[in-house]
Amino acid sequence: MEYRVWRRRTAGLLLLALLLLAGCSGSSREGPVTVRIGVALYQQDDTFISTVVQHLEQFAREEEQARDIKLNLNVADGRGSQSAQNEQVDRFLSQGYDVMCVNIVDRTAAAVIIDKAQAAGVPVLFSNREPVEEDLARWEGAYYVGSDGAQSGQLQGGIVLDAWRGDPAGLDRSGDGVLQYVMLEGEPGHQDAAIRTEYSIKTVTGAGISVEKLANDTANWQRAQASAKMGQWLKDEEIGPRIEVVFSNNDDMALGAIDAYRAAGIEDLPVIVGIDATPPAREAIKEGTLTGTVLNDAKGQAEAIFELAYALSTGRDVKEAVPRLEGQYVWLPHRTITIGNVMQEFDD
Ligand code: GAL
């Protein structure tokens with residue numbers, strides 16, 4: 001073969017090989033291979049929050065397999081301290097995380113985190129503890145995933161209403177036509193605490209039933225604190241024997257109330273209602289100690305958080321990833337859970 005022809009052919013083959021190689025490497029790399037998600041929690045041992053995190057971790061494991069990517073989920077516990085959480089957020093930003101999920105300790109302190117996230121160009125996704133609206137509006141890269149507190153209160157009130165209508169004499173132990181109750185409240189300042197308290201009672205009184213509040217106090221979402229508070233009320237002659245309904249802003253405190261009745265040796269429980277539908281609360285419904293609860297959709301929230309985080313960190317369309325997204329908000333609906341549906345609703 002003539003040298004000139006040989007050189008042309010070799011050059012052509014080389015070019016072809018190079019083009020093929022370039023084509024191959026380009027098509028196998030769509031989006032980042034590793035997605036790093038920083039998760040900052042207000043308090044990891046909170047029962048509901050730990051349920052959300054378990055679902056989040058499960059989604060990450062499943063999606064790693066399904067989407068053939070590496071998902072690095074780093075969970076940090078703020079242990080109730082906003083300054084500790086701010087440091088964790090700083091660490092996520094300095095370590096180049098793709099997206100942050102923040103279950104903020106103090107819901108009035110979001111502006112600082114949003115401004116830092118914006119400066120670093122890292123989307124930030126709040127959940128469960130809702131930042132004030134003006135703060136979230138500071139940057140379109142900030143989102144909130146949660147559930148409507150008023151709806152949970154209304155559904156909780158609805159459970160009590162059904163119990164009253166189903167067995168008026170059984171519930172109205174004093175027979176005075178008035179519903180005597182105590183209220184165990186969540187953390188002061190948390191959007192859900194005041195709203196659930198207000199709407200559960202409004203639902204009952206709105207249906208024409210008179211109520212008498214015997215006592216109310218905060219137990220900060222916690223079972224042990226609720227048990228201690230309830231123990232004091234049970235010892236009080238003016239309160240304990242007169243309680244017909246225990247309203248609780250969440251399940252852990254409702255379970256604390258049941259603990260206190262047990263500790264006092266009282267077996268005949270009044271109507272006790274919670275919110276969350278955590279696994280232990282579902283067990284209590286099955287054993288008949290908890291009258292009912294309202295599903296705070298831990299799995300649905302985790303899925304929305306995960307899908308949003310994944311879409312944001314890979315540049316995918318957020319609305320397509322999470323069709324429930326309205327502006328910067330994702331709202332997950334609640335559902336009533338009682339003995340009538342607890343078995344069908346959950347497969348555990
Ligand atoms: C509420 C939930 C509580 C507690 C709290 C923490 O929505 O019902 O059980 O987890 O959030 O912020």
Side-chain angles (χ1 to χ4, degrees), residues 39-56 75-82 85 101-110 125-132 144-157 159 183-200 218-227 229 246-259 272-285 290 292-302 304-305 329-337:
V39 182
L41 306 176
Y42 96 101
Q43 185 85 52
Q44 192 160 9
D45 65 9
D46 176 297
T47 309
F48 172 70
I49 297 299
S50 66
T51 315
V52 175
V53 174
Q54 277 162 26
H55 286 297
L56 214 49
V75 179
D77 185 0
R79 294 171 190 263
S81 155
Q82 190 57 60
Q85 188 171 65
C101 305
V102 182
N103 170 226
I104 199 162
V105 176
D106 173 358
R107 55 187 288 264
T108 63
L125 243 153
F126 293 91
S127 68
N128 168 264
R129 302 164 74 89
E130 187 185 347
V132 282
Y144 178 70
V145 175
S147 297
D148 174 27
Q151 187 193 40
S152 57
Q154 282 159 350
L155 294 179
Q156 187 185 58
I159 299 170
M183 177 73 71
L184 286 163
E185 296 162 2
E187 222 180 327
H190 191 299
Q191 80 280 351
D192 286 338
I195 296 176
R196 287 175 181 174
T197 299
E198 180 187 343
Y199 280 86
S200 56
T218 178
N220 295 302
W221 307 122
Q222 292 178 31
R223 184 167 180 161
Q225 284 189 32
S227 170
K229 190 57 50 191
V246 178
F247 285 93
S248 172
N249 284 172
N250 80 340
D251 283 343
D252 261 13
M253 297 189 296
L255 295 173
I258 295 168
D259 294 341
I272 302 178
V273 283
I275 291 176
D276 282 340
T278 57
R282 272 134 55 185
E283 285 312 307
I285 291 179
L290 186 66
T293 184
V294 176
L295 177 71
N296 196 3
D297 191 356
K299 193 174 178 185
Q301 291 184 16
I305 294 169
Y329 290 83
V330 182
W331 297 108
L332 276 299
H334 292 97
R335 284 200 301 281
T336 299
I337 306 293

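Note: hydrogens, waters and symmetry copies are ignored here, and every other heavy atom, side chains too, is used. The shown structure was predicted, so the numbers you read here are calculated from the model rather than taken from an experiment. Ligands are counted one by one from 1 in listed order, and the atoms in each one are counted from 1 as well.
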Worksheet entry | Minimum heavy-atom distance T218-G186, with the two atoms named | OG1-O, 3.0 Å

Worksheet item: Which ligand 1 atoms are under 4.0 Å away from a heavy-atom of N296?
Response: 2 (C), 7 (O), 8 (O)

Fill in: Sub-4.0 Å atoms of ligand 1 with respect to non-hydrogen atoms of Y42
6 (C), 12 (O)

Worksheet item: Which heavy atom in F126 sits nearest to a heavy atom in P131, and how many Å separate them?
Response: CG-CG, 3.6 Å

Worksheet item: How far apart are the closest heavy atoms of L255 and P280, and which atoms are they?
Response: CD1-CB, 3.8 Å

Practice prompt. Could you pull out, from V105, N128, D46, T51, the option with a heavy atom nearest to atom 10 (O) of ligand 1?
Written response: D46

Discussion item. With heavy-atom distances below 4.0 Å as the criterion, list the atoms of ligand 1 near F48.
Written reply: 9 (O), 10 (O)

Discussion item. Ignoring hydrogens, what is the shortest heavy-atom contact between I195 and G149? Give both atom names and the distance.
Written reply: CG2-C, 3.5 Å

Worksheet item: Strictly by modelled atom types, are D106 and Q82 linked by a side-chain donor-acceptor pair under 3.5 Å?
Response: no

Item to complete: Determine whether the side chains of T293 and D276 contain a donor N or O and an acceptor N or O closer than 3.5 Å.
Response: no

Item to complete: State if R196 counts as touching ligand 1 under the rule of any non-hydrogen atom under 4.0 Å.
Response: yes

Worksheet item: Any idea which heavy atoms bring D251 and A281 closest together, and the distance?
Response: OD2-CB, 3.1 Å

Discussion item. Students should be able to answer this: which protein heavy-atom is nearest to atom 7 (O) of ligand 1, and at what distance?
Written reply: D192 OD2, 2.9 Å

Discussion item. Under 3.5 Å between any N/O of N249 and any N/O of ligand 1: does that happen in this structure?
Written reply: no

Fill in: Residue portion contacting ligand 1 (non-hydrogen atoms closer than 4.0 Å) for T47
neither

Discussion item. Would D276 count as a polar contact of ligand 1, with the cut-off being nitrogen or oxygen pairs under 3.5 Å?
Written reply: yes

Worksheet item: Which bit of H190 is near ligand 1, meaning a heavy atom under 4.0 Å away: side chain, backbone, both or neither?
Response: side chain

